[in-house]
Amino acid sequence: MAYYYTEPSRTFSEYLLLPNLTTKDCTPANVSLKTPIVKFKKGEKPDVSLNIPFSSAVMQAVSDHGMAVALARCGGISFIFGSQSVQDQAEMVRKVKGYKAGFVVSRSNLTPDHTLKDVLQLKEKTGHSTVAITDNGSPTGKLLGIVTSRDYRVSRDAQDKRVADFMTPFSSLIYGKSGITLSEANDLIWEHKLNCLPIVDGHQNLEYLVFRKDYDAHKENPLELLDSNKSYIVGAGINTKDYEERVPALVEAGVDVLVIDSSDGYSEWQRETIQYVKANFNAKIGAGNVVDREGFLYLVEAGADFVKVGIGGGSICITREAKGIGRGQASALIEVAQARDEYYRETGIYVPICSDGGIVHDYHITLALAMGADFVMMGRYFARFDESPTRKLRVGNNFVKEFWGEGSNRARNWQRYDTGGKQGLLFEEGVDSYVPYAGSLQENLDKTIGKIKSTMCNCGSLSIEELQQKARITLVSATSIVEGGAHDVILKESSLSEE
Ligand code: RVP
C-alpha cells in the first residue's frame, strides 16, 4: 500500500516568523549574511562560502557570464547554465575567471577612417561616450587614439569629418601598461584628472579601459566574492549524461563549484556523476534536487558537497501539473534541514542545503533561511534585471524581460529531465514567459538584503546560523493571510504599484 503523509505539503506563504527580543546591538549594520556553500567538518571552515546567501539559477534565461560577474561582485554566486555546448559553457566560465574587476574590454571601437557620423551612431547604440580608436576597429587592436564627447562639437563639425582629424591621438594619451594594478590605474586617473585610462601591452595593443566610475563601484563592493587570485567565484551546472566531457572542460576553465542540474536528483545517475567527479578531480560538487530525507542522505552518502532542495516550485515550472510529482517548497525544506542537522550531529559533517525555486516575496528568503536553508537559488528574481542575458521588451505599457524554463521547448534541456531511455524532451515541464523588468541587480539586491537583515534583527539574530537556531515560525490560517495584506481600505494609485 502507498505511504500517506498526514501533513499537507506547504509553501512559504503559509508561514510567518515571530519576533524575538531585539537587543540594542542587533542592528542591520551588524548582521552578517556569510554562509557556507560546501560541506565542512565541525570546528573547520568551509572551502567556499558566500557573502550573501544568493545563487542564480542554472538557466539559459538567468545565468551567463554577465550575471555571474554582477552577482559575484555583490557577494553571491551564479551557476552558469549547462544547456549549451561544453565549449560555450567553458568559455563563459573562463570569461568570469578572467574578468578583472575594474578592467573592462572596450565595447565601443572604431578606426581612424570612420567619421563623426559613425561615432554618433555608435554612441546612440551603446550609450558609451568613450570610443577606442584602433587600427582594425577591434577591442584589442593597436590603440591609435580615443574619442570622447570633448573631442567634437555636433553643432559645428561636419558629420563626415574623419575620426583621425579629431581624436585625441595616442601620442597625447595618458595610458597604463599591461599588468598595472587597479589601484595604480586609479592613481593615474586621479593624478591626470581622467575619466578613462586605456591599458596597452608592449606593442601598443589595447587590452582594457579603466573607468573612474568603475573604480568607485569596485570600492563600494566590500562583499565581492573572490578566490585567492582575486578572480570572481563562479559555479556551473552539469548533467548526468555528458559529464565525462563537460567536467574536465569546466575544471580547466577554472570553475569553483559544480552542481548537477536536475529536476529529480534522487537517482543512481547522480551518484555515479558525483563519484566520477570526486574520483577524478579536486572539485566541489552539489547535487539535487530532492524533497525529503531519503533523497538528501542518498546524495550526501554519494559525496555531494551541498544538496539542492525543491521539485516543482519554480515560477516557470509545470512539473507538478505535467507529472504529478513534487512537494510544497517549505515542507521539503523543513524535512531536509532536519535530516541535515541530524547528519551533522551524528557525523560532525555539515552539508549546506540550497532552497531552489518558489521564492516570490523577499520575506520568503528569510523564511527559507530560518527553516534551515544555507542559501537560496532563484530564477525569476534575477531574470528581471538588466544583467540577465535575455531581451528587454515593451509589452503594452510595461517593460518586461523574457524568461523561460529549462524544461520548456525553448530551452530543450532534455538532460535535466531525463529518466533514462530515449533521449529527448517528450513533453514540456516548463513554460516560456515574461517577467516585469526591474532595473539593476545591485539596486534590487540592496533592497532585498535590507529587508532580510531587518527581519533578522526582529528575530534577534546577527547571523544566519543564529536565525536558524532561534527562529520561531508559525503556520498561518487562510483568513489571517488576508489580514497580513492591506485590507478594508481603498488603495491610492501610488500604493497599487508597490510590491
Ligand atoms: P524560480 O526562482 O521560482 O523562478 O525557480 C527557479 C528554479 O526553477 C530553477 O532553479 C530550477 O530548479 C527550476 N526550473 C528551471 N526550469 C524549470 C522548468 O522548466 N520546469 N524549472
Side-chain angles (χ1 to χ4, degrees), residues 9-15 37 50 53-63 67 71 76-83 235 237 239 259-266 270 286-292 295-296 299 306-337 352-385 388 401 403-408 410-411 413 416-417 428-433 435 448 452:
S9 162
R10 297 188 185 278
T11 70
F12 292 130
S13 290
E14 292 176 83
Y15 292 91
I37 180 171
L50 302 179
F54 290 65
S55 65
S56 70
V58 197
M59 297 175 73
Q60 292 174 2
V62 182
S63 299
M67 176 63 77
L71 185 50
I77 191 169
S78 288
F79 288 92
I80 300 215
F81 66 94
S83 50
N239 62 67
V259 68
I260 310 176
D261 179 39
S262 169
S263 69
D264 169 16
Y266 190 10
Q270 289 231 349
N289 286 10
V290 301
V291 290
D292 60 10
F296 169 80
L299 294 178
F306 69 92
V307 174
K308 220 144 61 70
V309 182
I311 297 180
S315 55
I316 31 49
C317 182
I318 50 169
T319 292
R320 293 183 198 168
E321 283 174 359
K323 291 169 65 178
I325 62 159
R327 194 174 195 186
Q329 187 63 19
S331 300
L333 184 56
I334 292 165
E335 183 173 319
V336 173
I353 55 178
C354 166
S355 177
D356 176 16
I359 300 284
V360 180
H361 301 293
D362 289 340
Y363 84 86
H364 288 169
I365 303 174
T366 325
L367 265 176
L369 298 173
M371 287 172 176
D374 297 279
F375 60 106
V376 296
M377 175 172 275
M378 298 184 288
R380 188 197 62 88
Y381 179 87
F382 290 110
R384 300 171 303 149
F385 306 146
S388 76
K401 296 258 314 188
F403 181 44
W404 59 92
E406 287 296 299
S408 68
R410 183 162 181 183
N413 182 0
R416 182 170 201 274
Y417 298 91
E428 288 190 286
E429 292 192 41
V431 297
D432 193 355
S433 70
V435 284
T448 302
I452 296 172

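- Summarising the geometry of A411 relative to Q60, their closest heavy-atom pair is O-NE2, 3.3 Å, with the distance given to 0.1 Å.
- Judged purely by atom type and a 3.5 angstrom limit, R410 has no side-chain atom pairing as donor or acceptor with the backbone of V431.
- Taking both residues in full, the closest heavy atoms of S78 and L71 are given as OG-CD2, 3.8 Å, listed atom of the first, atom of the second, then distance.
- Of the N and O atoms on the side chains of S331 and S9, not one donor lies less than 3.5 Å from an acceptor on the other residue.
- Counting heavy atoms from C-beta on, the side chains of D261 and F79 never come closer than 4.5 Å.
- Distance alone, capped at 3.5 Å, is enough to place a donor-acceptor pair between the N289 side chain and the G310 backbone.
- Screening C317, S83, S263 against E406 for a side chain to side chain contact (heavy atoms under 4.5 Å, CB included) leaves a single residue, S83.
- Residues F296 and V309 fail the side-chain proximity criterion, which asks for heavy atoms closer than 4.5 Å.
- For the pair S55 and C354, the tightest heavy-atom approach, listed with the atom from each and the gap, is OG-SG, 4.2 Å.
- In this structure, the side chains of I311 and Y266 stay at 4.5 Å or more apart for every pair of heavy atoms.
- Panel note: side chain R10, backbone A330; no donor-acceptor pair is recorded below 3.5 Å.
- One N or O on the side chain of R380 and one on the backbone of V360 form a donor-acceptor pair closer than 3.5 Å.
- Between E428 and A322, the closest heavy-atom pair is O-CB, 3.9 Å.
- Using a 4.5 Å heavy-atom cutoff, the side chains of S388 and V62 are not in contact.
- Residue V58 comes nearest to G82 through the heavy atom pair CG1-N, 4.1 Å, listed as atom of the first residue, atom of the second, then distance.
- A distance-only check finds no donor-acceptor pair linking the side chain of S433 to the backbone of W404 [under 3.5 Å].
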Can you check side chain to side chain contact (heavy atoms under 4.5 Å, CB included) on F403 and S315, steps first, answer last?
CA-CA 10 Å; F403 181 44; S315 55; 3.3 Å; yes
Criterion side chain to side chain contact (heavy atoms under 4.5 Å, CB included) on D362 and I452, from CA distance to verdict
CA-CA 7 Å; D362 289 340; I452 296 172; 5.6 Å; no
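- Relative ring orientation between Y381 and F54 is described as tilted, the plane-to-plane angle lying within the 30° to 60° band.
- Interatomic distance, CD1 of I359 versus CE of M378, reported as 6.5 Å (0.5 Å rounding).
- When atom types are taken as modelled, the side chain of R327 and the backbone of V291 share a donor-acceptor pair closer than 3.5 angstrom.
- A salt bridge does not link R416 to E429: none of the charged side-chain nitrogens sits closer than 4.0 Å to a carboxylate oxygen.
- Among D356, D264, D374, the one residue that satisfies the salt bridge (Lys or Arg N to Asp or Glu O under 4.0 Å) test with K308 is D356.
- Taking 4.5 Å as the limit, some side-chain heavy atom of P53 sits within range of a side-chain heavy atom of L369.
- Nearest approach of G430 to I318, heavy atoms of both residues: N-CG1, 3.5 Å.
- With hydrogens and angles ignored, the 3.5 Å screen pairs a side-chain donor or acceptor of S63 with a backbone N or O of A57.
- L367 CG to L333 CG: the interatomic distance, rounded to the nearest 0.5 Å, is 9.5 Å.
- For the pair H364 and T11, the minimum side-chain heavy-atom distance is 4.5 Å or more.
- With contacts defined as side-chain heavy-atom distances shorter than 4.5 Å, the pair F12/M371 qualifies.
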